[in-house]
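Data first, discussion second: the structure below is written as structure tokens.
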Amino acid sequence: MKNGSPAPGDSEHAVFASSLVKRYKKTARPALHGFNLHVQRGEFFGLLGANGAGKTTAISIFSTLFPPDSGSVLIMGVDPVQQPNKVRLLSGLVPQDIALYENLTVVENLQFFGRLSGLHGKQLESRVEWCLDFAGLSGRAVQLVSTCSGGMKRRLNLAAGLLHAPQILFLDEPTVGIDAQSRALIHDQLIQLNKKGTTIIYTTHYMEEAQELCSRIGIIDEGRIVIQGNPAELLRQSGKGTLEEFFLQLTGRELRDV
Amino acid sequence: MHKIIAAAIKELLLLKRDRAGLLVLFVMPAILVMVITLVQENVMELTGQKKNRMVFLDMDGGKLGGLLHHQLMEGYFQVTAWDTERKNSEDIRAAVTGGEYQVGVVIPEESSARFEKRLADLFKKNKQQGRDFVSEQVPVHVFFDPALLPGLRSAVKAQLRIALETVAMEAKIGILGNEINRLLDTLGVTQGVMTSSTADLGERFRLPLLTLAESSDSSESMEMPPYNPVQQNVPAWALFGVFFTAIPIAGTILQERRSGIWSRLTSMPVSHIVLFSGKVLAYTGVCFCQFLLVGVIGSLFFPYLGLPAFTVGHGLSTLLLVVLCSSLAACGYGILLGTVCSSYEQASALGSITVVLAAAVGGVMVPVYAMPILMQKLSVISPLNWGLTAFHDLLVRGYSIAAVRVELGCLILFFLFTLLAAWKFART
């Protein structure tokens, strides 16, 4: 890390990010600029922000897709830049896009990602079974993903991130474009996972969703966290009726992705 | 290794369900090798690289026709003799002009008698109007296919002249032998002065005193199959198919890059080297299957099309090494395409065009020696040329692995270069 090192005791945090900066080539503004975030182990944390605010960039750095330009970060006490493979074993990523092979069946996708996670034999079989059940796709195991509905794909996309039973799960807008039933199933399953001790970092545009699921939220704007706390507490302090009104009060009505 | 195998299995499953990909990788080279070989077989016929089809009509029915027919059969002709009761010289003209045969030969009626008469005239005093008289030459009519190349026409004429001269020479020697015997009898010389009887003088004169000793660079110990379109095309078009694997490889990389799969894979405890090794392993297997398919077509199916069978010779293990190196080069190119291009359409177009160009320059479509000098110089930069040269060195020239080490080295270097270029491009 270029700017400082995490303080002692940071291993208590699931995520400890300090002064992160990330700039993409040929862009006027940095995607992250002085980004700080502390998430306790076992938390269900919501990262809210407009398009282009920096949510996906933060998640990408946490899940070792690329390093920050500067700043420090620890995931479950491990530096993702120095020890990416260790972080990869501890964490799971559910990307915003459907990260599945359309021409493989549901079970073939799970078996492939499971093997790459280091699972094999009976352990692989049992985790694949668990994931199929988790996603409500036990009866669709041999169906090609290309023939699955949007909701089925979203559920499978989530399950594929859980094959190696990660301690921390990064979810990048996992319920975009699906029906109420699939969304409810995903919410229920995530709540169950969190209750069993999995730390969840959840990015979303849906304020009600964050309010319903998250024990704490952080609002990100122009590459930095502008406020974080318990959703009900934040609402009470702001005096606004809804989280969306509060969000707009904080971040303004100007478009962020122009 | 466990993860590499998992990645390879995934690639094969994806390819199994990609009908267009299977068509490009297996059906296209199979069809190309058959069509192009059949076409080239005909071209070889036109350029004299195989026996010319000749139709022979003996209107005379005497000794001359039999002797000439025998001579032509021994030469570089595939002779079909027509029945004079059903056909005439006009039929021959029509058949040759129409391209059914390349050469037509007609022995006119009374030719044998005229030939014998001319022969006799050559050896006796025959005065007419106070001057030596020898009867006219006996014409043998010949027709050529108008499409026959001038060089080949000259070669055919030369062969016909040799056949005619041989027949004439044997007849002259026979007469000469008889004359000698007669003179010896007249002079009362005892038989046996001659070291051999005059009867077999003809046979003895036919034995060549000089011969062309053709030397080749082929390995002395190996009997190599003759060079023909089959030996040229089977490895050439198999190699062409192998390099087309670059397109499906690029396709899977682009699919992974453009969906969230690449992000998921990068976030997993697996290195990019393992992921790409899986692709290379799977597609190297595919390349071996392509070679097997095209080779089996060449060996077992070509004879049914009237073509010679493809033969591998003795260097099968070295041949497999060339297949391996060519496959690695093709996989490397696919990885580079998948990294540099931003869409499947782009990779597909760029991949097809570059592979076709490399094939054309590399001697897959036309042998390099038949190209202009500039193209011959350019051919050395084509990976398909390296592979094809290695195949020809093994299959046609009978060289050992040591002789193809430069080509194999170039293919491996190309593989490493493409991986390095892809890595550099991905980083920037």
Side-chain angles (χ1 to χ4, degrees), chain A residues 25 56 59-66 75 80 83-105 107-121 124 144-147 153-154 157-158 160-161 163-164 166 168-170 172-174, chain B residues 1-25 247-249 251-279 281-282 286 338 342-344 423-428:
Chain A
K25 282 181 182 172
T56 301
I59 291 275
S60 299
I61 290 172
F62 299 160
S63 51
T64 76
L65 298 192
F66 46 73
I75 304 298
Q83 296 175 286
N85 273 339
K86 201 166 175 187
V87 171
R88 287 167 188 164
L89 285 169
L90 295 168
S91 66
L93 171 69
V94 178
Q96 190 173 338
D97 299 313
I98 301 291
L100 301 167
Y101 291 98
E102 294 272 323
N103 281 338
L104 294 187
T105 63
V107 74
E108 284 167 353
N109 266 286
L110 291 174
Q111 284 169 344
F112 171 62
F113 290 121
R115 287 188 182 114
L116 290 193
S117 301
L119 304 173
H120 46 85
L124 175 66
L144 283 179
V145 169
S146 58
T147 63
K153 287 179 187 175
R154 278 279 165 206
N157 198 36
L158 170 61
L163 275 157
H164 59 303
I168 181 166
L169 187 62
F170 300 110
D172 196 2
E173 302 187 29
Chain B
M1 198 60 200
H2 180 76
K3 291 180 182 179
I4 292 176
I5 291 169
I9 290 170
K10 177 262 297 179
E11 294 294 336
L12 293 175
L13 283 171
L14 287 173
L15 182 63
K16 191 182 94 177
R17 293 181 184 130
D18 177 8
R19 285 182 192 166
L22 289 174
L23 281 175
V24 166
L25 294 185
I247 295 168
I249 292 173
T252 61
I253 292 171
L254 283 159
Q255 187 202 355
E256 286 164 350
R257 273 177 53 203
R258 291 178 70 79
S259 68
I261 295 172
W262 193 247
S263 297
R264 190 193 288 285
L265 293 172
T266 307
S267 74
M268 299 182 85
V270 58
S271 72
H272 291 176
I273 292 174
V274 167
L275 295 171
F276 285 123
S277 299
K279 289 183 195 298
L281 178 66
V286 169
S342 53
S343 69
Y344 178 73
W423 178 72
K424 288 286 278 181
F425 190 86
R427 276 178 69 89
T428 53

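Proteins come first, then strands; the chains are lettered A, B, ... in the order of their sequence lines, and each starts at number 1.
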#### Entry: Proximal component of A:Ile98, with respect to chain B [non-hydrogen, under 4.5 Å]
backbone
## Note on the structure
Per-residue tally against chain A (heavy atom, under 4.5 Å) across B:Ala6, B:Gly278, B:Gly260 peaks at B:Gly260
### Query
If you count heavy-atom pairs under 4.5 Å with chain B, which of A:Val94, A:Leu100, A:Leu144 comes out on top?
A:Leu100
### Message
Given heavy-atom pairs under 4.5 angstrom as the criterion, report whether the side chain, backbone, both or neither of B:Leu275 touches chain A.
### Response
side chain
### Summary
Comparing A:Gly92, A:Ala160, A:Gly118 against chain B, the one with the most heavy-atom pairs below 4.5 Å turns out to be A:Ala160
### Query
So which part of A:Leu90 gets closer than 4.5 Å to some heavy atom of chain B, the side chain, the backbone, both or neither?
neither
### Task
Please look at A:Phe170 and chain B and tell me whether the side chain, the backbone, both or neither of the residue comes under 4.5 angstrom of a heavy atom of that chain.
neither
At a cut-off of 3.5 Å, what donor and acceptor atoms pair up between chain B and chain A?
| from | atom 1 | to | atom 2 | distance (Å) |
| --- | --- | --- | --- | --- |
| B:Lys3 | NZ | A:Leu116 | O | 3.3 |
| B:Lys10 | NZ | A:Tyr101 | OH | 3.2 |
| B:Arg17 | NH1 | A:Asn103 | O | 2.8 |
| B:Arg17 | NH1 | A:Glu108 | OE1 | 2.7 |
| B:Arg17 | NH2 | A:Glu108 | OE1 | 3.3 |
| B:Arg17 | NH2 | A:Glu108 | OE2 | 3.0 |
| B:Glu256 | OE2 | A:Tyr101 | OH | 2.4 |
| B:Arg264 | NE | A:Ala99 | O | 3.1 |
| B:Arg264 | NH1 | A:Leu93 | O | 3.4 |
| B:Arg264 | NH2 | A:Asn157 | O | 2.8 |
| B:Arg264 | NH2 | A:Asn157 | OD1 | 2.4 |
| B:Thr266 | O | A:Arg88 | NE | 3.1 |
| B:Thr266 | O | A:Arg88 | NH2 | 3.4 |

#### Entry: Interchain contact, B:Leu265 with chain A, by part (heavy-atom threshold 4.5 Å)
side chain
### Message
Does B:Ile273 have more than 12 heavy atoms from other residues, nucleotides or ligands lying within 6.0 Å of its CD1?
### Response
no
